[in-house]
Structures are given as structure tokens and as C-alpha cells.
Amino acid sequence: MADAKDPSNAAIADLLDELGDLYELDGAVVHRVLAYRNGAKAVREAPRAVAAMVRAGTVTELPGIGATLEEKLQALLTTGSIPALEKLRGKLPAGLLQITRLPGLGPKRARKLHDALGVDGPVALRDAIAAHRVRELPGFGAKSEERLLAALDAAGDDLAGPERHRLDRALQVGEALVAALREVPGVDRVELAGSARRRADTVKDLDVIATAEDPAALLAAFRSSDLIADVERGGEAGAHGTTQTGIGVDLRVVAPDQFGNLLQHFTGSKAHNVAIREAAVKRGLHVSEYGILDDATGESERFAREEDVYARLGLPWIPPELREDRGELRLTEVPRLVEPGDLRGDLHMHTTASDGTASVREMALAARDRGLEYVAITDHSASHGFGNAVSADRLRELIAEVRAVDDELDGITVLAGSEVNIGTDGALDYPDELLVELDWVVASVHTAFTSDPTRRIVAACEHPLVDVIGHPTGRKLGQRTGYELDLDRVVEAARGSGTFLEINGSPARRDLHDVHARAARDAGVLLCIDSDAHRTETLENTLWGVMTARRAWLTAQDVANTRPWPELRALRKGGR
DNA sequence: GCCGTTTTCGGCCCGACTGTTTTCAGTCG
């Protein structure tokens, strides 16, 4: 088990990334730098607390963590710092790392600016450009000064990395754009690639791959689309633009016979492609976006279909959601991942009784229209603090209302539930004799995020009347990272008690996220995919939950609410 | 720095673009 003061996986991964960046600035060979970045990825995606693995001496089981990185992590845990990192930080100013985020300025050239001109950050760089000292350096010229100045002006004060966009917002415009381009006469195929196709939580930009008998018509349609605000550059082979909503779009037009190669390449992830290519080299094959070169024949093969690219490499077609280099290349057969149509029920939603906008009846009807067999009405509990608090007396009325709607409506079972707050003491804010009246109990943390959420959630798991933990980590994409949670202990508590864990489908949450949901499943925990709908329209949020579940390698069997309600009811803890 | 049905040492994905260069290193995706 992790110590309360241990750094999180994310914090450890950030340190390894920083080490890689600093070693790169220091002129280390590229593969050593890559080793730190691979190590950072392994730590960031590790399902268990890496600090605990370091203490247990098992951290080298992670792919990419060897003896040297283990030693550095041991130092981090025993002394609180990594000596090599401290030394490099003393040698290379933080501002130097910042300016490498400027487009066109990498570690080599940044280091040259530092060593020759004393540039230690964006301010010093701007001064050096103003004095025309940069153009005097070998490898730099007037054009370099011009471009760097423009980049400094565009970057703003903090030189932060590129903004990332939530998947729902990216897909909304991305799918509309793809649909519009498919309608253009002379256009053959158009597909969304990149992290949007992999259904990642967030995307940096949109990649669109197309084939067309008439590429000019396609490009003209792209330029004039009312979804696109402006097109920065473009030729015959593609264009780069920005949507009205501020998301960059790369459009590539390719020959039909290599559409499969391009789609595979631009779907990524980068780590997936690197792993594919490394494995291919061992078989005498060289994979690129243009084809697969066979050493034996010297011939390069192109494929119109992505399935054939994978087949040529001896692999089954791998669903995009799995392409993260998390073991998918060892699959000989791809599991049938859960699909939206597999969900029979939705066990987390709100009505006007708390902070929703629709009645019990309206929510039930909308769910029935969506093809669901059952729903649980789970308004917030007595101490929620947002919208209407549902007192114990009010909940009794609400249960009666739910029973009445359930009696009235055919074709859908309406269950009485609640989303109960987990207090700072780990207790729930309704008495047990009321909770036992409910068909379904979601328990969630909504307050005091820093007040030992692990202990509180474990306590909720051990409560005999709690069915599922709602949005277990509390993260909100682009807003907050979630509570400092020991997921190992939560998963163990859920497994031991028979509590389900939620994949909350709100596109701002998608919580649990994919890595943790996969770890929970592997530990033997059943997941619930819920909408957390506050309006009838957001019942469709389960779609985002399914995307996360697929990225977690989940099958329908791994998801509790793919079962008919009588079967799921019997699976609850204690068979209550 | 990691890793092993080619290896415990010698490898470690692929290609395009850019600006500065007369053949390429650095950067990017």
C-alpha cells in the first residue's frame, strides 16, 4: 500500500519527463532521453501506485523501468528528491526548457542560444533577437529571428503547451466536418483519425484523411465550410485550418491505394506506431504512412484498407481505442468490446427533485425512447449544497413518486435510488432504515476533497447498502485533476465488499478513466456505465462512458448494467 | 537507459519540412 505522503504516479511521471527534457538539453544521446520518456509513460499509465511498487521492489516489472530508474525512484522516496535532477536543475535554467516549447526551437538550438548568448528564458531571448545577436550564430539567420519573435508574440506569457480540447467538443465539429466533406461530389472516402478516433479524453487537434477523384473540390469545400474559421496553409495534398470553435484541423488527401496506410499512421498513437514498427523490423518489414517495405523483395506494399495493413503485419485489426501500446500488439484475437447497444440500464441520473431539469416521468420516458430497460432515479441527498437538497422526508415522497411512475409506465422499470454524499467521516447522510427502502444507492464524494477521500470511499464500499461509488476520482477534464486517491485501496475495498465502481459518462468526467477502469476489471470489480444525466438530452452521456470502457478493454460482461435488472439485482452485495 | 525466438552488448521507427546550407542537422508529427 502507498504511504499517504507518497508522490502520485502523475507527479513521478512529471519528474521523469523533466529529467528526460533536461538530459536532452544537456546533450544526452537520444535513446537515453527516450528511455526517460518511456519510463514516464509507463509510470503515468501504471494502474497501481508506483511508489508502493518501488517500496516493494517490483517497479522494474513496468515496461521501460530498469535498474537505473528504479534507483532514482528509490532516492525520491527515501530522500524526497532525485540527485541527478537537482544537479541538472542547477545547471540549466527553467526558462531554457520553456523556450524549447516554441515551434522550431528544440533542445539543440536552445542550448546554443544559452551557451553562446546567455539566453535563459523567453525574456532574454526577446532581448537577444531585438539586438540582432541571434542571427550571428551559426545555424541561425534573419529568418530564425523573425520566426522566433512571432512565436514569442503568439505564445503569450507562460509558454504553456498547446491547449487540449475535450473529446465531446472535438467530435461535435469533427464529425460534422467529415459528414459535410463526404457529401462533396468527387470525394471518395473521408475519415477522422488521430486521438479523436481513439476516443481519448482530450485531443490537441483533428486529423482528417480523405481520398477523392477530385481533390480540388474537396479542398475547396474544406476552405469554404462554415465550420472552418480560417485556413492557414494548404496545397494539393491537404490543408491546415482552424474550426470556429478554435480547434486545429489537418486535412490530408491521399491516393486510394494507400488510404489504409495513412489512416493507420494518423490514427496513432505515436507509441502504438513505434511499437508496431519495432516489431515489424524484426520481421524484415518497414512500416511508414506510405506503405510496408519488405526487405526480402525490396517491394513496398500499399493498402486501401486498414485491416489489410494489420493483416500484413500478422496482427488482427485493432480497434482504435486500444492503440496506446498497452499490450494490444500481443493480442492474437481482439475481445468484443462493450458497445452502446449492450447497455440495458442507466443507474445514475437527476430530476427536478435536486438539480436536474426534468421530472421522474420525463426522464423515464426519455430513457425508454433510448431503448433502455431500466433506470434508477438518483437525486442528490440531504447535504448536497447544490440545487435542492433532498431531505429524508422528501426522499420518502420521491420514492412514492418513482413507484407510481414505475406502475404507470410499460416498457421501462423505474428504480428508486439516491446519490448519497460521503461525509468527511465516511458516513452517509441518510439513515440506514431509509437507504434500505431504495433499490439502488450511489455513494459519491462531493465535498472536502482534501479530507482523506481514500478512507471515506473505502468506508462507503464497506457500507452494506452502497451499490456503487459514483465518479470515484472526482476529476473534471481541464478543470481539476481529481482527489489524491489511493486507487489500489479503493479497488481492493470494492472487490472485497462487492461494490461496483462507476464509469461516469459525463464528458467532463469520464471517471473512472480508462487505465483505472481496466485495473479495476482486472482485479475482479464490476463497472457501471452511467450518464449522470441532469436533463433528458444528457442521457446520451453513456456514450462517452462506453468509449472510456472500450479504452479500458472492457467487454459487456465486465459492465454490470449490460445485464437485465433482475440479474443485476441479484449480483448486488449481500444479495439484498 | 532499456532490453533480448537474431543479442547480456549493440542495437533501439519513419518521413517531411525548414533554414541554413552547398549536403544536412534539427525539428516536428
Side-chain angles (χ1 to χ4, degrees), chain A residues 16-17 19-43 59-73 82 84 99-113 134-148 150-151 161-162 193-195 203-207 209 233-235 237-238 240 248-252 254 258 261-262 264-293 295 300 309 313-314 325 329-330:
Chain A
L16 293 181
D17 269 329
L19 262 173
D21 290 342
L22 289 172
Y23 274 127
E24 189 173 38
L25 271 173
D26 202 36
V29 294
V30 56
H31 297 110
R32 186 159 163 239
V33 175
L34 213 55
Y36 279 91
R37 296 197 174 135
N38 285 338
K41 177 182 187 288
V43 168
V59 75
T60 54
E61 288 172 10
L62 292 175
I65 304 287
T68 305
L69 264 61
E70 179 182 39
E71 193 183 315
K72 286 182 160 65
L73 295 183
I82 301 172
I99 62 171
T100 63
R101 301 199 188 109
L102 294 169
L105 191 61
K108 293 284 198 310
R109 281 153 56 87
R111 186 62 194 272
K112 208 179 271 188
L113 291 169
V134 171
R135 66 177 63 180
E136 294 162 4
L137 294 180
F140 290 83
K143 199 103 178 204
S144 297
E145 285 190 346
E146 196 181 307
R147 284 167 56 97
L148 284 172
S195 46
V203 310
K204 184 165 68 68
D205 51 26
L206 293 165
D207 291 291
I209 311 291
R233 56 179 187 274
H240 186 272
V249 185
D250 248 331
L251 171 66
R252 279 164 222 273
V254 306
Q258 58 185 187
N261 300 91
L262 259 290
Q264 193 285 321
H265 173 80
F266 282 103
T267 297
S269 64
K270 181 173 179 173
H272 173 83
N273 285 351
V274 168
I276 273 194
R277 290 166 178 191
E278 284 175 350
V281 166
K282 290 174 183 163
R283 307 177 50 167
L285 300 172
H286 303 272
V287 182
S288 81
E289 58 263 56
Y290 303 109
I292 298 177
L293 174 67
D295 281 341
S300 192
V309 175
L313 299 170
D325 191 25
L329 298 187
R330 292 191 294 274

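Per chain, numbering begins at 1; letters A, B, ... match sequence-line order.
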Student check: side-chain heavy atoms of [X] and [Y] closer than 4.5 Å:
X	Y	result
H240(A)	L251(A)	no
V134(A)	E145(A)	yes
Q264(A)	H272(A)	yes

Looking only at atom types and distance, does a side-chain atom of [X] sit under 3.5 Å from a main-chain N or O of [Y], one as donor and one as acceptor?
X	Y	result
R37(A)	D17(A)	no
R252(A)	G238(A)	no
R32(A)	E24(A)	no

What does [X] touch in the nucleic acid at a heavy-atom separation under 4.0 angstrom: a base, only the sugar-phosphate, or nothing?
X	value
V30(A)	nothing
L102(A)	sugar-phosphate
Y290(A)	sugar-phosphate
I276(A)	nothing

If I take atom [atom1] in residue [X] and atom [atom2] in nucleotide [N], what distance separates them, rounded to the nearest angstrom?
X	N	atom1	atom2	answer
L251(A)	dG29(B)	CG	P	18 Å
H265(A)	dC14(B)	NE2	P	12 Å
N273(A)	dA16(B)	CG	C1'	16 Å
D21(A)	dT27(B)	CG	C1'	15 Å

*Sugar-phosphate atoms are those with a prime plus P, OP1 and OP2; base atoms are the rest. Using that split, label each nucleotide of nucleotides 19-26 of chain B B, S or - for protein heavy atoms under 4.0 Å, 5' to 3'.*
SSS----S
Between [X] and [N], is there a side-chain N or O to OP1/OP2 distance below 4.0 Å?
X	N	answer
H286(A)	dC14(B)	yes
R32(A)	dG1(B)	yes
T68(A)	dC2(B)	yes

_Toward the 5' end of DNA chain B, by each residue's nearest nucleotide, R277(A) or L105(A)_ =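 Nearer the 5' end of the strand: R277(A).
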Under-4.0 Å salt bridge between [X] and [Y]:
X	Y	answer
D325(A)	K270(A)	no
R135(A)	E146(A)	no
R111(A)	D26(A)	yes

*Strand contacts (DNA chain B) in residues 33-41 of chain A, 4.0 angstrom heavy-atom criterion*: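 Nucleic-acid contacts, sorted: A35(A), Y36(A).
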